[in-house]
Each structure stands twice: as structure tokens, then as C-alpha cells.
Amino acid sequence: MAREDNGGYDPSAIEEKWQRLWEERGINTFTLDELRDAEDPFYNLMMFPYPSAEGLHVGNIYAFTGADVHGRYQRLRGKDVFEPMGFDAFGIHSENFALKIGTHPMDLIPSNVKNFTRQLRRIGGMFDWNHAVDTTDPSYYKWTQWIFLQLFEAGLAERKEAPVNWCPSCMTVLANEQVIGGECERCGTPVEQRRIAQWFFKITDYAQRLLDNLDHIDWSETTLKAQRNWIGRSTGAQLHFPVVDEDGRDTGRAIEVYTTRPDTVFGATYMVLSPEHPMVEEVTDDALRAPVYAYIDTAGKKDLVARQKVHKTKTGVPTGGHCRNPATGERIPIWIADYVLMEYGTGAIMAVPGHDERDFEFAREFDLPNRRVVAGPDEDADTPLQEAYVGPGRLVNSGPFDGMDTSESVEAVTAWAAENGWGEMKVNYRLHDWCISRQRYWGPPIPVVHCEVCGPVAVPEEDLPVVLPRVEDFKPDDTGISPLARVESWYRTECPGCGREARRETDVSDTFLDSSWYFLRYPSTDFDDRPLDAEITRKWLPVDTYIGGNEHAVLHLLYSRFITMALKDLGHLDFEEPYDVFRAHGLIIREGAKMSKSRGNVIVPDPIIEEYGADTFRTYLMFLGPFDEGGDYRAQGIQGPFGFLHRLWDTVTSAREGEPDADVERKVHETIRQVTEQIPQLSYNTAIAALMECLNVIRAGGRTAFRAEVEPLVVMVAPFAPHLAEELWERMGNEGSIFDGARWPEYDASKATRESVEMAVQVNGKLRATISVAKDASEDEVVAIARTEENVARHLDGKEERRVVHVPGRLVNFVVG
RNA sequence: GCCGGGGUGGUGAAAUCGGUAAACACAGGGGACUUAAAAUCCCCCGGGCUUCACGCCCUUGCGGGUUCGAGUCCCGCCCCCGGCACCA
């Protein structure tokens, strides 16, 4: 239960009042002219939410408040802060929810958006509602489709076959997250993989640039690391292994392999092809076709998740075919195994069981030869291999390279292979092309028409948007293709190229495409004839600060970087990195665990805001832990900020005129220094603690404050508790909004200096006394005072003094023997 | 397995160019004011020993090390959280 209100501070009344005034007076919104004329633009971006039926959760509010605090701080520093908000409302999430409750996403989303908007206003964010976006609005996805066309025309979109998860019982395509332990989330049937033609964006063409630019952008270190790992650059060699017949003669064909350890080629005792490898048929003996095809069939049916399970026992079949190891000249067998992935490298490997754990395991399973070619310390060429040795050492059993250290062998062997024409240096990335096709309903239709004569043809720009039709039966069904493929009246069309009857693409695009460019759209929502206005975009982009969850460290943040780069290359933008600064925030947990419905530890924000007010809730969320780490939510904890804001109210509303007290003024200036330093670092919890401490000093002993003492406090608390600050600002006799009228207080060092400082006195590193000395006291003076302390003298008595350590302003340490 | 981030009082947490560990706050205890309650203000609040008091010892996951001095740096472990995971 909230404490009784003690006279004046009535959060619900003043919050209602200021939310109304902000809107009536357009305090947080920009007109087109204001966007054009802004003198000191600051684009403060946060990750737009998916508008669920449950409404805003605490995690959303935490993230938005943290970002809003930053925006409001910048505004008080005099910036023109643009802080837009929108809704990422397409996608499988909404679609599944609509299916579950038996409604249509086109009915569901508007009511969810309405509810979210209400809640977002209620928490007091500085959102510019004049520039909101909704990804499901045709006026938005028209331009999402336009982006597809830009990439398509630039050759950055291509259609190719790729595996999808397929539930044979539901007869439908499943997203990876719908596959739980290899089974369909809905019916429990084991999931298979199927291959269908899908659209891909060639993000891999940009892999190196996406990696290189990470060195120049100011992002959270953890996010940078995640992106580097995801791009996964590795250097090695591509080697050619000639295919030979039963007599060892070259067939004129070769298998290409990629390896990061070309120096272990002398230990390659067999080859492995991925089951999808195009040369499987060619190398398989007639006698072995039946088991080989049976194996490929089984591997193909395994779903994509199960296929990637580590530590399962290795499976595979021999093809009967052979290669020649180009380093040793040996004839080695070719196998097929699903531990080799077609998506990485060349889809084929040279197996070196002595020095690769997976190959070792496979060789043991199938009794294949194993040879040591690297000797570690205390090992030699004949030391038996109990397990794969992957450490450093020197080459052995490696012909001309025997004795060479592994620190130089990769380079040396690659050079040798190149000289002899069977290999070259090669860089590889783990990053795959971005599959944007979804065999679903709730997304923007991919703007392509398939014509029997012309092939896939882009929908002309003037025909955009390709509007998603309202289809009552949007459930994926046993046709196995997109629900739109059942709507003949929609997909039957004319080829834009030749005019013949043609068929629209019936897949929709990935939600990540919607969100890959929303920040580009916000400042240009005043224009419906272009996706982005050049002048406005030049003024406002790139984004100054982007704050969001690290769960999007790779996908969203990488895709939006890629789209930005591509649009730059196509002449639509003059920058290639979308966000100057990105900061990842932490996660709110409860009772040490992530909040989830199944745990029953979810916090419903509305009743808390109802009871304590948005200002208290915001301040508490920012106080409960460091913003970049998150924290543990405890219902009791809100009492701290609640009492603090109440006391601040009482103190300010009863403040008198007059000269401030010097000690109090010093504390105020120390606080200004600290808060001004900590807010930009997102150290909100300690900034709030400093404000509390300052108020405690101002109020000590029930003292009545002077106005000049509390005024800076009102401004500094405004980012956290904007409504309260507005009201107090007005009551102090100011006109208009504090965010327009106030300036962030300036730290004045002369007002913050102390005449004396507290210093610690140690003997052999143990604290024996604290002394108060003049700020500018010399070392001799300080040491002399320290000696006079009784407890210090006692510990020095009878001991030989070896050294005195003096750290000015901090401590004195007597080292005695 | 790999890559991040952590481990500090009853609780959320402060303090990392090495320099008085536990700021701020919650919970708890005591007091002032009050007919009473609320609100407000003051005091106590890591463990142990001792004491009128002063004081002493121990304490930042564990074990070593460097240093006048280590929560902070180095070496070796343990545990928790998040992400990736047969990437050759």
C-alpha cells in the first residue's frame, strides 16, 4: 500500500496534467519546418516494440525509460531531440497469436497499437507521435517493398533453393523457434527439412565491410564482439584433391576443400562430402548407390536443428570413390557424412583425424586410419594419439616440413600448395546470406511477379504497394506454400514485362526487413511520395544514440547496417553506418530469474503506475541496478524512490528565498558534477543515489531549504521524473515547459571546494585513524598531524620506521618493521 | 566446448588510473514529536573478541602471487546468468 499523501504531491493529477499539456502544446513533437530548421539536432532512438496483446511489459518500459532519460538529458543540454516511436507489428508472433485466439491480425493489431500508445503516453516518454510508424501500414510497407526492389535491381537479391523446417503432420513450414527439441511445437511430430526456392539478400558480399566498420563505431563492446563472432571471419586455404579411379589415375576432376589447417594436409587420411554435395553422385560406386542414397535421404529428413546437435555419434557411409592426397600422393577414400555442412566452406573437407576432434571421432567410429602430423611438447612422430591433438607444436610425418613450428607452417604449406597448383589462401565467413522469404501470411508481399517467359520480374515502383489482401483463412495449411497461394484472384496478374498472364510471388518478407530501415523512415514520415527525404535525412541521420536490448546484437543490428550500406551504394544515403552510438541495456529479472509466465514472476506495470505514478516507477527502474547490466526487481524497493520524490516535492514547495548555506551549496555542486558525469554514461542508479544524498543534506535536521539550493535538483531530476519536475518548475514561478525553459546546471568548482579533507592514516596498510587536514597541507604537515594521533603513535611505538607513503588527499601509510 | 557478463551485508547494490569496503536504498531495531496513527526528523544495523569507553581480529566465490597497500592487477580453480554451437 502506498503511503498516505501528505499534502500536495499527487502523482496521478500532475502526470495527467502534463501529459495533456505536452500534447496540446506540441512540446515533444516536431513539425516539418521544425525538423528542417532544427539548429542542434539529436536523434535519440530506441528499439520499437512488437505490440503484443498483453501490452507493454516491464522490459519495454525499462528500455524506453532508460533511453528517454538520455533524450531528456540531451534536451536539457539544449539539443533539439527527436525521439520517435513506432510499432513492429508484422510477423509470425502476431499471426500465431491471432490464430490462437481466433481473430484476424488486421483486427488484432490496431487494438494492440492503441493500447500500447495509451501505455507509452502514460509512462511519460518524450515521444514524437507526429512521426510514428506502423510496419503493417501500406504507407510504410510500400517502402519496405521499394527497398526489396532496390536490392533486386542491384543484383543483391537472388532466388535459390534452401532448406526449411517442415512438419509432416501439420503440413507446414516452421520457423526455427517453433521447433522444440527436433519436434513440432504444436503437435510433437518430428520435424523434417525440405528444400524450396526462396529469396536471399546477399549480405555475405558485405561481410568484410560489415566487419571492418566495427572498428570505427562507438558501440557496446559486447555487441561488437557478438557481431564479429557472427560474421566469423576465418583464414585458411582452399585445397584441390584430385578424384582418382581404382588404379589411382586422375579422372580430371577434383574435390575442393576449405581448411584453416592446411599444414595438417599430410595427415588427411580420408575425405568427407556433405550429403547435399553436388559431386556425390559422380564419386559413388554403382554397388554402393543404395546405401548412399538411403543415407542422404535420412540426413535430408532430419530437421535443421537436430542436424546440428553436437556430441551425437557420428554417422556416414563410404562412396567407394577416392581422391589423391596432393601432399602425400596417397589414395584416400571419400565418405559422406552429415557432420559436414553444405552451407560452410565448400561442403567438403579433408579429414585429419589426428588433429581435429570431429574427424577423430568419425575415424574411430568407422575404423579409418589416423596419423600424427603435429607433435606437441614431449611428443614425437610416433607418440600414439589418444585423442585429436589441436595444440601447437612442430610438424612430423610431413615430408619436407618435418620439424617446422606450427606458428609458421600454415603459411609455408599454403605457399607450397600454391606453387604446385593444388591450393591457395582463402578467407571464409560464417555469415550466411539473409533468407527473407516467409511462407506465411502476416507480412509485406514480396513485390515480384513470376512469368513463364520473363522469369521473376520486379513489380514496377508505381504499382507499389502490393497490398496484402485481407484473407479470412490465413492459416498455413497442407498445400505447404504461403496462404496467399490460395487466393487466386490476388496472385493472378499480368507480367509487367511482356503482359502475359503471370503469378505474383506468394511469400511475404521477413519481419527483420521491416525493422531494418524504420529509423530511416521516422524523420521522413511527412512525405508519402518518397521513402526518405534527402534534406531531412542529411540533417537527422545517422542516429546519434541507439539504445536497445542485446538480444538484437546480431540479427537486427547487422541487417540494418547491411541495408544502410546497400542504400548508400545505390546512392540513396550518404553514410553507411546507421548508428553512431549503440548502447546495450541489461535485463530486468525477478527473484534471480528471467520473468516468464510459466514461472509466474511477471510484473504487470499498470497497477504499479496507478498506485505510485509513472515518475516513481521510472525512477525506481533506473535506480534498481546499473542500466547496462539490468537488475533484480523487488516490489518493496519502490518505496525508496517514492519517498525521495515526496520529500523533494515537500522541500521545493516549502523552499524560501535567501542566500544558500555554503556547505549545502558545496554539496549541490558536487552533485551537479557527479550527475552530469554519470547520466551520459547511463550510470543512472548512482546518479539517482547522488540526488538522494544531496536532498538528505539539504533537509538534514528538518531544515528548510533555500530556493537556489533546490532549483538545480529539480532540473537534474527531470529526466527521471519529468512530470514532477514540470510541476515544480511551474510552481517556482516559471512559464512553459522545463524542457524548453531550463538549462542544465553548470558545475562551479569554486563552490565545490572544501577547506579540509579527511585522510586515512595507516600503519603497515591497516587503518589506525582518520584525520582532517587543510586541503593544501604539505606532506610534512600531514605526516606530523598523523603522528599526533594516539592510536597511530601506539602502533609506531618501538618500531623502526622504514618508509612513509603519502597519497595527497587520500592517505598516509607508515611502513614499520 | 567456445564467446560475453557476473559472484561484495538480511536484500537491491556502491566503490575498478590499486589507496578509509559496504555510498544510496529496501527490510529490521530503537528514539523524538503526537491523545493516537500517518508523515517527518535522529540513532543502530557484515561477523567475532573486548569494553564505561578506547580498541583488536576477521570479511568482497576458492587457492596462490605481486605490492607499503588488492574487491580492483597476475596465475590456477569453482559456481551462476546470457548468447553461439559439428563453421573444418
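As the structure is a prediction and not an experimental result, all values here were calculated from the model. Every chain is numbered from 1, with letters handed out A, B, ... down the list of sequences.
- A donor atom on one side chain and an acceptor atom on the other are not found under 3.5 Å apart for A:Asn370 and A:Thr269.
- The glycosidic torsion of B:G30 lies more than 90° away from 0, which places this base in the anti conformation.
- Side-chain N/O atoms of A:Gln639 include none lying less than 4.0 angstrom from OP1 or OP2 on B:C26.
- Ring geometry for A:Tyr633 versus A:Tyr620: interplanar angle over 60°, hence perpendicular rather than tilted (30 to 60°).
- When the P atom is used for both B:G10 and B:G76, the distance is 32 Å, rounded to whole Å.
- Nucleotide B:C84 holds its P atom 11 Å from the CD atom of A:Glu551, rounded to whole Å.
- With a 6.0 Å cutoff to the six-membered ring centre and a 45° limit on the axis angle, A:Arg430 does not count as a cation-pi contact of A:Tyr344.
- Among the nucleotides B:A23, B:C58, B:A88, the one closest to any side-chain atom of A:Lys766 is B:C58.
- Ring pair A:Tyr62/A:Phe627 is tilted by interplanar angle, where 30° to 60° counts as tilted.
- Distance A:Glu629 CD to B:G4 C1': 12 Å, rounded to the nearest Å.
- Closest to the side chain of A:Ala700, from the set B:A15, B:C42, B:U20, is B:C42.
- At B:A88, none of the side-chain N or O atoms of A:Lys426 fall inside 4.0 Å of OP1 or OP2 (strictly under the cut-off).
- At the heavy-atom level, A:Arg794 lies under 4.0 Å from the strands shown only through sugar-phosphate atoms.
- Regarding contacts with the backbone of B:A88, a side-chain N or O of A:Tyr344 is found under 4.0 angstrom from either OP1 or OP2.
- Contacts of A:Asn229 with the nucleic acid, taken as non-hydrogen atoms under 4.0 Å apart, involve only primed sugar atoms and P, OP1 or OP2.
- Using N1 to N3 plus N6-O4 or O6-N4 for Watson-Crick, or N1-O2 and O6-N3 for G-U wobble, each under 3.5 Å, B:C68 pairs with B:G19.
- The CD atom of A:Glu256 lies 4.5 Å from the CD atom of A:Gln238; values are rounded to the nearest 0.5 Å.
- Applying the 4.0 Å criterion to OP1 and OP2 of B:C41, one finds that A:Arg699 has a side-chain N or O inside that range.
- Using a 4.0 Å cut-off between charged nitrogen and carboxylate oxygen, A:Glu709 and A:Arg703 count as a salt-bridge pair.
- Between the side chains of A:Thr223 and A:Asn550, a donor-acceptor pair is found at a separation under 3.5 Å.
- Among the protein residues, A:Thr770 comes within range of the nucleic acid bases, having at least one heavy atom under 4.0 Å from a base atom.
- When the C1' atom is compared between B:G46 and B:A22, the two are found 8 Å apart, to the nearest whole Å.
- Taking atom C1' on both nucleotides, B:A70 is separated from B:U16 by 11 Å, rounded to a whole Å.
- Look at the C1' atom in both B:G5 and B:G64: the space between them is 25 Å, to the nearest Å.
- Residue A:Gly345 is classed as having no contact, given no heavy-atom separation below 4.0 Å to the nucleic acid.
- Using a 4.0 Å heavy-atom criterion, one finds that A:Asn685 contacts the sugar-phosphate atoms exclusively.
- When the nucleotides B:U20, B:U11, B:A15 are ranked by their closest atom to the side chain of A:Arg634, B:U11 comes out on top.
- Within the nucleic acid shown, A:Glu758 comes within 4.0 Å of at least one base atom, counting heavy atoms only.
- When heavy atoms are screened at a 4.0 angstrom cut-off, A:Arg228 is found touching no nucleic acid atom at all.
- Nearest-nucleotide assignment on RNA chain B puts the 5′-proximal partner with A:Gly630, out of A:Gly630 and A:Trp230.
- The gap from the C1' atom of B:U8 to that of B:C24 amounts to 16 Å, rounded to the nearest Å.
- B:C2 is paired with B:G83 under the criterion used here, namely a Watson-Crick or G-U wobble arrangement in which both key atom distances are under 3.5 Å.
- Taking atom P on both nucleotides, B:C58 is separated from B:A14 by 28 Å, rounded to a whole Å.
- Computed from coordinates, the A:His432 NE2 to B:C84 C1' distance equals 13 Å when rounded to whole Å.
- The phosphate of B:A88 has OP1 or OP2 within less than 4.0 Å of a side-chain N or O from A:Ser234.
- B:C3 atom P lies 18 Å from atom CD1 of A:Ile231, rounded to whole Å.
- Comparing A:Lys225 and A:Glu357, the nucleotide of RNA chain B nearest to each residue sits closer to the 5' end for A:Glu357.
- Comparing the same atom, C1', in B:A21 and in B:U72 gives a spacing of 11 Å after rounding to whole Å.
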query = So A:Lys667 and A:Glu693, salt bridge (charged side-chain N to carboxylate O under 4.0 Å, His left out) or not? Walk me through it.
reply = CA-CA 9 Å; A:Lys667 184 68 190 176; A:Glu693 210 175 319; 3.2 Å; yes

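- A:Tyr612 and A:Gln639 share a side-chain donor-acceptor pair at under 3.5 Å.
- What separates CE of A:Met595 from P of B:C81 is a distance of 17 Å, to the nearest Å.
- Relative ring orientation between A:His646 and A:Tyr9 is described as perpendicular, the plane-to-plane angle rising above 60° on a 0-90° scale split at 30° and 60°.
- Counting any heavy atom pair closer than 4.0 Å across all strands shown, A:Asn428 reaches no nucleic acid atom.
- Among the protein residues, A:Asn791 comes within range of the sugar-phosphate backbone only, with heavy atoms under 4.0 Å from sugar or phosphate atoms but none that close to a base.
- Across all strands shown, the partner of B:A25 is B:U11, judged by Watson-Crick or G-U wobble contacts whose two distances both fall under 3.5 Å.
- No engagement by A:Tyr633 is indicated, since no non-hydrogen atom pair under 4.0 Å with the nucleic acid exists.
- Taking atom P in both B:G6 and B:C44, the straight-line distance is 33 Å, to the nearest Å.
- At a threshold of 4.0 angstrom between heavy atoms, the contacts of A:Leu624 are confined to the sugar-phosphate backbone, with no base atom among them.
- Nucleic acid contact class of A:His795 (heavy atoms, under 4.0 Å, all strands): sugar-phosphate only.
- Base pairing analysis places B:C33 opposite nothing; no Watson-Crick or G-U wobble pair with both distances below 3.5 Å involves it.
- Within 4.0 Å (heavy atoms only), A:Arg768 reaches sugar-phosphate atoms of the nucleic acid but no base atom.
- Residue A:Arg803 has a polar side-chain atom (N or O) positioned under 4.0 Å from OP1 or OP2 of B:C68.
- Among the protein residues, A:Pro641 comes within range of no part of the nucleic acid, since none of its heavy atoms lies under 4.0 Å from any strand.
- The interatomic distance linking A:Leu273 (CG) with B:A88 (P) rounds to 18 Å, in whole Å.
- B:U60 makes up no base pair with any nucleotide shown, lacking Watson-Crick or G-U wobble contacts both under 3.5 Å.
- Here B:C26 presents its C1' atom at 16 Å from CZ of A:Phe644, a figure rounded to the nearest Å.
- Nearest to the side-chain atoms of A:Thr222 among the listed nucleotides B:G19, B:C26, B:G5 stands B:G5.
- Atom P of nucleotide B:A38 and atom OH of A:Tyr9 are separated by 22 Å, given to the nearest angstrom.
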